[in-house]
Amino acid sequence: MSGQGLFIAFEGGDGAGKSTQVRLLAGALEELGREVVVTRQPGGTDLGAEIRNLVLHGDHVSPRAEALLFAADKAHHVDQLIRPAMDRGAVVITDRYTDSAVAYQGAGRDLGAAEVHDLQMWAVDSLLPDLTVIVDVTADEGRRRRGDVHDRLESEADTFHDAIRAHFLAMAQGSPERYLVVDGTLPPDEIHAAVMGRLTASGLLGGGSA
Ligand code: TMP
């Protein structure tokens, strides 16, 4: 599935605290002697940064165009950054991946989760993370933490964010071997410990942790 490297995605609603967890995990894995590549979607490449600007900070984007722009970001990102890093044995940690599209465009925008999933899998040439961590907070809590509205999607109503949250949880429930759901209201260190515990228990740190 992922060659020599290790591929970990963090997902969750806006304001869930993913970025803190990405940082903590990257630091811990570097201490174990691994090369760690931290990235995010959209926007992990130069082209992706332009797509991010268009899709999050531009004028209205129609739902299908939105889905295609997020897919284009991922296609380029996987080809240019993620696959090469994994091929040389690095750990890639991404802040959001394909499940964000399935939840936001598929469930949130009502484009159909199955269709958006297929589009995403085509874009990333079927590359799946070894582990996806869902940092779970309610829509209400996410809005409280975000404070001022930042982008087009963050400014959507709580019903949109509720649908997204429900979809993330359903995806995790459907494939528990590929997901870890953590309560985003726990202290960051506790969440981080749960992530490390899961990686260790699954044997995913095997080669590089000795
Ligand atoms: P973030 O980088 O601050 O998390 O913001 C990215 C926003 O883009 C967030 O609201 C989720 C959204 N998004 C999608 O709607 N579809 C996608 O495929 C991805 C990667 C992000």
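Side chains included, hydrogens not; waters and symmetry mates left out as well; all remaining heavy atoms used. Order of appearance sets the numbers: ligands from 1, and atoms from 1 within every ligand. Keep in mind that what you see is a predicted model, and the values were worked out from it rather than measured.
- Among all protein heavy atoms, the one lying closest to atom 9 (C) of ligand 1 is Asp14 OD1, 3.2 Å.
- Using a 4.0 Å cut-off between charged nitrogen and carboxylate oxygen, Arg143 and Asp158 count as a salt-bridge pair.
- With Val78 as reference, Val124 is the one residue of Val124, Asp73, Asp125 to meet the side-chain contact (heavy atoms from CB on, under 4.5 Å) rule.
- With respect to atom 20 (C) of ligand 1, the closest heavy atom belonging to the protein is Gln41 O, 3.4 Å.
- For atom 12 (C) of ligand 1, the closest heavy atom belonging to the protein is Leu153 CD1, 3.5 Å.
- Checking each of Thr45, Val22, Val92 against Thr39 for a side-chain contact (heavy atoms from CB on, under 4.5 Å) leaves exactly one that passes, namely Val92.
- Contacts between Lys18 and ligand 1 below 4.0 angstrom, taking non-hydrogen atoms only, involve the side chain exclusively.
- Between the choices Arg52, His161, Glu11, the shortest heavy-atom distance to atom 1 (P) of ligand 1 belongs to Arg52.
- For ligand 1, the polar-atom distance check finds an N/O of Arg96 within less than 3.5 Å of one of the ligand's N/O atoms.
- Contact annotation: for Leu56 versus ligand 1, heavy atoms closer than 4.0 Å belong to the side chain alone.
- Heavy-atom separations between Gln105 and ligand 1 include at least one value shorter than 4.0 Å.
- Asp95 and Arg23 are not joined by a salt bridge, as no carboxylate oxygen comes within less than 4.0 angstrom of a charged side-chain nitrogen.
- Checking side-chain atoms of Glu11 against main-chain N and O of Asp99 turns up a donor-acceptor pair under 3.5 Å.
- Numbered from 1 in the order shown, with element, the atoms of ligand 1 that lie under 4.0 Å from a heavy atom of Ala101 read 16 (N), 17 (C), 18 (O).
- Considering all non-hydrogen atoms of both residues, Ile191 and Asp183 come closest at CD1-O, 3.4 Å.
- Residue contacts with ligand 1 include Lys74, since one or more of its heavy atoms lies under 4.0 Å from the ligand.
- Protein heavy atom in closest approach to atom 14 (C) of ligand 1: Phe70 CZ, 3.2 Å.
- Electrostatic pairing of Glu115 and Arg64 does not count as a salt bridge here, judged by no charged N lying under 4.0 Å from a carboxylate O.
- Within the 4.0 Å heavy-atom criterion, neither part of Gln120 lies near ligand 1.
- Aromatic rings of Tyr104 and Phe70 (six-membered ring for Trp) have centroids beyond the 6.0 Å cut-off, not under it.
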